[in-house]
Amino acid sequence: MHLAYPAVLAVLLFSVGVYGVLARRNAVLVLMSVELMLNAVNLNLVAFDVWLRDTLHAGQALTLFTITVAAAEIGLGLAVVLMVFRNRGTADVDRLRDLAENAEPADGADDALPAGHPGPSRAADQEKGRAAA
Amino acid sequence: MTAPVLGPGLAAGPLAAGSLSSQGHSFLSPTGVEIVFVLVGLAVLGAAVLSVTTRQLVHAALWLVVALGGLAVEFLLLTAEFIAWVQVLIYIGSVVVLVLFGLMLTRAPIGRSPDADSRNRPVALGTAAAAAATLVTLVVDAFRTTWVDLDAGTGSARATGSSLFRHWVLPFEALSVLLLAALVGAIVLSRRDGDRTPPRPPRPRPGRAVSAARRTPAAPVAPTATPAAPGTSANPATNPATPPQER
């Protein structure tokens, strides 16, 4: 098999993951896109391991390690996302602006953002948070 | 540019010269494995694109299942059997289930959600297209003539296990410690007991403005009080007056 096929597939999967990380708004979907990028790396590792015929099987061992680290990462990431959702009532990464540099008012930056948003989304957000209670 | 750099360095490595060059192998006469690989790769790519573009959040997780399962098939085609089954077990078996749990627990809307994509979607599209173009050019230029000899047995459970427990024991054990740390961290992050309140960022006006806004949520509050209103009244768990065991 030509090595170009798995390499190009891995590159395209990685780019799809990049798009998902940048374009998605829900934090759980961002984590899913990160998983896609990690899988692209896994495909590269396996393909290069098969190509190089490493006697230590470094590529496949590293793939196993990557899969394990990805599982741990998504567990921790979901715990963080759930904690943020419990404290804020939303898991949208666009609305978590406490650490934003150019916050419009100095205090309460997370609440100043919905002023720039259309009204229904803010009302739906409050409704969602109230239903969460 | 990279091919002359990569070529002599790799040829001086432990590889035989026959496995480096694709003498007698052309892209125009693909083997059966290559045809299956490309077809499954197209399915994987389509499922991945649907997974990052669909507006139904639960469908995104299900398309992720298709993409990860297709990648397991690709691992099988690359003769990495053990990795393929680990991929099926861990990714499809646990990671996707975790993601679905996360979607449900954050109350993802069933059905279309119009605000699934953020406003910087064109920027993301441009970045992804630029990355794809650059990397595809680089990779095709570097590995255009590289041929991989696939023979069964190089990725079986016996070979992977012997190399893992013979040469990679120390990273394996370190990884188990890392998993334990992740487990403890996830438990610490997600528990909500009352005796130890989690550290909370200091809010500007935690007391009166919040409780006043909670009592009359629909009333137009003064503009100085509104910044504290939606974030805290949206979820009473952040209110110090409400015990965290309520939810």
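Residue numbers start from 1 in every chain, and the chains themselves are labelled A, B, ... in the order their sequence lines are given, proteins ahead of strands. Quick caveat: nothing in here was measured; it's all calculated off a predicted structure.
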Which atoms of A:Val84 approach chain B - backbone, side chain, both or neither, heavy atom under 4.5 Å: neither
Side-chain donor/acceptor of A:Arg53 to backbone N/O of B:Asp149, under 3.5 Å: yes
Close side-chain approach of B:Leu77 to A:Tyr5, heavy-atom, < 4.5 Å: no
Check: A:Leu62 main-chain N/O paired with B:Trp168 side-chain donor or acceptor under 3.5 Å: no
Heavy-atom proximity to chain B below 4.5 Å, by part of A:Leu12: both
Close side-chain approach of B:Val123 and A:Leu22, heavy atoms under 4.5 Å: no
Under 3.5 Å: donor-acceptor pair, side chain of A:Gln60, backbone of B:Ala80: no
Close side-chain approach of B:Ile83 and A:Asn42, heavy atoms under 4.5 Å: no
Whether A:His57 side chain and B:Thr154 backbone form a donor-acceptor pair below 3.5 Å: yes
OG1 on A:Thr68 to CG on B:Leu178, rounded to 0.5 Å: 9.0 Å
Student check: side-chain heavy atoms of A:Leu64 and B:Phe172 closer than 4.5 Å: no
Pairwise side-chain contact, A:Asn39 with B:Gln87, heavy-atom cut-off 4.5 Å (strictly under): yes
Proximity breakdown for A:Asp54 and chain B, heavy-atom pairs closer than 4.5 Å: neither
Segment of A:Leu31 engaging chain B (4.5 angstrom heavy-atom cut-off): neither
Among A:Thr63, A:Val18, A:Leu78, A:Val69, residue most engaged with chain B (heavy-atom pairs, under 4.5 Å): A:Leu78
Proximity breakdown for A:Ala58 and chain B, heavy-atom pairs closer than 4.5 Å: both
Between A:Ile74, A:Thr55, A:Val81, A:Val21, the one whose heavy-atom pairs under 4.5 Å with chain B are most numerous: A:Ile74
Sub-4.5 Å side-chain heavy-atom contact between A:Tyr19 and B:Thr53: yes
Side chain proximity check, B:Leu164 to A:Phe65, heavy atoms < 4.5 angstrom: yes
Stepwise salt bridge (charged side-chain N to carboxylate O under 4.0 Å, His left out) test for A:Arg24 and B:Asp117: CA-CA 5 Å; A:Arg24 283 303 202 179; B:Asp117 291 335; 3.2 Å; yes
A:Leu45 CG to B:Leu78 CG distance, which is reported to the nearest 0.5 Å: 12.0 Å
Geometric class of the B:Phe27/A:His2 ring pair [parallel <30°, tilted 30-60°, perpendicular >60°]: parallel
CD1/B:Ile35: more than 12 non-hydrogen atoms of other groups inside 6.0 Å: yes
